[in-house]
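Since the structure comes first, as structure tokens, the remarks are kept for the end.
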Amino acid sequence: GCTKNPLVIDTAAIESNLKLVRFEQALFACKSVEDIIKLQDKFPIFYSIYVNDIMPHQIRGMESTDGDIAVELYRYIAHKDMDSLYKITQAKYGDFEPYFEDLTEASKYIKHYFPEEDMKEAITFISTFEFGSIFNEETKSFGIGLDMYLGRDFEVYSLLNPQNFPRYRVERFEPYHIVPNCIQSFLNYKIPEGSSSTFIDQAVYEGKKMYAMDLLLPELPDSLKIGYLKGQIEWNKDQEKNIWAYLIEQEVLFSSDKNNFQQHFFNDGPFTSPFGNESSPRAGVWVGWQIVRSYMQKHPEVTLNDLIANNDHNKIFQESGYKP
């Protein structure tokens with residue numbers, strides 16, 4: 001706690017152009033179909049994203065015209081359940097300023113490491129439990145689905161399809177995941193996945209994104225960067241040598257059976273299946289994170305952009321010297 005974090009930078013001189021846009025407030029303030037049509041003029045880009053990509057199955061059919069969509073969207077906001085959901089989100093997030101301040105700070109870090117990426121908007125919306133965060137690379141906008149952050153004990157979550165909303169996922173529907181989820185969405189765009197042919201390929205790719213989280217959110221706990229619940233980071237640290245021994249003994253490191261290693265070590269779930277139901281999920285992501293951290297520690301001359309551009313993931317692994 002007394003050691004200064006070397007990844008924290010002075011952002012005072014970095015200008016942020018990020019603006020907060022409350023789309024859900026403008027939407028639910030509409031009193032007629034005509035108001036919805038005016039909304040389309042006010043938010044031409046995000047309105048299109050909202051009706052075509054976020055909410056298409058709820059408010060549009062195959063042959064829907066703009067007028068049809070406006071009618072259905074008005075029906076949607078006029079429904080008592082949606083009105084209730086809106087009021088609940090506003091009770092919790094009527095003041096979004098604390099999260100916006102954290103996103104603004106993160107946008108300064110983004111600008112520091114990626115000067116070409118000037119974040120423009122943080123847009124809040126409601127999608128009836130479809131999306132928690134999105135990133136639009138064209139408009140440089142974060143999108144935040146407020147109804148996905150109403151707290152793990154929000155009673156409606158328990159009524160949703162458990163196949164899509166398992167308990168381990170609902171546990172993460174907390175306000176403190178808003179900012180890291182937004183940055184993850186940005187990094188999914190900024191560090192696109194290549195053709196991962198082996199476990200090490202995939203691990204280092206995931207590790208690159210996690211290391212970028214270290215740089216962009218340097219004061220955030222590791223558990224929130226990776227989306228872990230209480231005790232899961234600690235389990236990985238305690239079992240690090242055993243995890244590594246298993247990967248070597250079972251010849252997983254250079255396995256090219258992507259269906260197998262993706263399912264067992266990288267896909268989201270309550271745990272990492274080869275290590276039992278007391279283990280942490282996505283152990284492969286965590287291992288890749290430690291490999292990339294070790295590599296960057298040994299190569300201080302390598303910048304974040306250098307790291308992202310280097311697609312020789314096996315070489316990164318070899319030069320990391322990672323061995324728990």
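- Note on Lys38 versus Glu34: no salt bridge recorded, every NZ/NE/NH1/NH2 to OD/OE distance being 4.0 Å or above.
- Using a distance-only test at 3.5 Å, with no hydrogens or angles considered, a donor-acceptor pair links the side chain of Ser133 to the main chain of Asn181.
- Cation-pi geometry between Arg282 and Trp286 is not satisfied (NZ or CZ under 6.0 Å from the ring centre, within 45° of the ring normal).
- Classification of Lys140 and Glu117 as a salt-bridged pair holds, one side-chain N sitting under 4.0 Å from a carboxylate O.
- Among residues two or more places apart in sequence or in another chain, the salt bridge (charged side-chain N to carboxylate O under 4.0 Å, His left out) test is passed with Asp257 by none.
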Checklist entry - Between Thr303 and Tyr113, is a side-chain hydrogen bond (donor to acceptor under 3.5 Å, both in side chains) present by the stated rule, with each step listed? => result CA-CA 9 Å; Thr303 68; Tyr113 288 105; over 6 Å; no

Item to check | Verdict with supporting geometry, Glu72 and Gln58, side-chain hydrogen bond (donor to acceptor under 3.5 Å, both in side chains) | outcome: CA-CA 8 Å; Glu72 290 304 315; Gln58 299 197 51; over 6 Å; no

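- The aromatic ring centroids of Tyr322 and Trp244 lie less than 6.0 Å from each other.
- Side-chain rings of His299 and Tyr295 approach one another, their centers coming within less than 6.0 Å.
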Item to check | Verdict with reasoning, Glu174 to Arg152, per salt bridge (charged side-chain N to carboxylate O under 4.0 Å, His left out) | outcome: CA-CA 6 Å; Glu174 293 287 341; Arg152 60 173 65 91; 3.5 Å; yes

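- Within 6.0 Å of the CD atom in Gln163, the count of heavy atoms belonging to other residues, nucleotides or ligands does not exceed 12.
- No side-chain donor from either of Asn188 and Ser185 sits under 3.5 Å from a side-chain acceptor of the other.
- Note on Tyr149 and Leu229: separate hydrophobic clusters, where clusters join Ile, Leu, Val, Met, Phe, Trp and Tyr whose side-chain heavy atoms are under 4.5 Å apart, directly or indirectly.
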Checklist entry - Under the side-chain hydrogen bond (donor to acceptor under 3.5 Å, both in side chains) criterion, do His313 and Gln202 qualify, and how do the steps go? => result CA-CA 8 Å; His313 292 173; Gln202 186 70 23; over 6 Å; no

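- You'll find the ring centres of Phe154 and Phe173 outside the 6.0 Å limit.
- Surrounding CD of Glu155 are at most 12 heavy atoms belonging to other residues, nucleotides or ligands under 6.0 Å away.
- A salt bridge is absent between Lys225 and Glu219; no separation between the charged side-chain nitrogens and carboxylate oxygens falls under 4.0 Å.
- Looking only at atom types and distance, the side chain of Tyr74 has no donor-acceptor partner in the side chain of Asp35 under 3.5 Å away.
- With sequence neighbours excluded, the residues satisfying ring pair (Phe, Tyr, Trp, His ring centres under 6.0 Å) with Phe23 are Phe43, Phe46, Tyr50.
- Considering only heavy atoms from C-beta on, Ile226 stays 4.5 Å or farther from Asp222 through its side chain.
- Using cut-offs of 30° and 60° for the angle between ring planes, the Tyr86 and Phe28 rings count as parallel.
- A donor-acceptor contact closer than 3.5 angstrom is absent between the side chains of Lys315 and Asn310.
- When ring centroids are compared, Phe125 and Phe131 stay outside the 6.0 Å threshold.
- By the 4.0 Å N-to-carboxylate-O rule, Lys258 lies too far from Asp201 to be salt-bridged with it.
- Of the N and O atoms on the side chains of Ser84 and Asp81, not one donor lies less than 3.5 Å from an acceptor on the other residue.
- For the residue pair Ser16 / Ser107, a side-chain donor-acceptor distance below 3.5 Å is found, with atom types taken as modelled.
- Side-chain atoms of Glu24 and Thr89 form no donor-acceptor pair, as typed in the model, at a separation below 3.5 Å.
- Between Glu116 and Lys190 a salt bridge is recorded (basic side-chain N to carboxylate O distance below 4.0 Å).
- The pair Glu121-Lys19 does not count as a salt bridge, with every side-chain nitrogen at least 4.0 angstrom from each carboxylate oxygen.
- The residues Asp268 and Arg172 are annotated as salt-bridged, a charged nitrogen and a carboxylate oxygen being separated by less than 4.0 angstrom.
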Item to check | Steps toward side-chain hydrogen bond (donor to acceptor under 3.5 Å, both in side chains) verdict (Tyr47, Asp41) | outcome: CA-CA 9 Å; Tyr47 181 92; Asp41 296 331; over 6 Å; no

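- The residues Lys237 and Glu234 are annotated as not salt-bridged, no charged nitrogen and carboxylate oxygen being separated by less than 4.0 angstrom.
- Between Lys111 and Asp118 there is a salt bridge, since at least one side-chain N of the basic residue sits less than 4.0 Å from a carboxylate O of the acidic one.
- Note: Phe265 and Tyr246 have tilted aromatic rings, judged against thresholds of 30 and 60 degrees for the angle between ring planes.
- With Asp83 as the fixed residue, the side-chain hydrogen bond (donor to acceptor under 3.5 Å, both in side chains) test singles out one of Lys80, Lys87, His79: Lys87.
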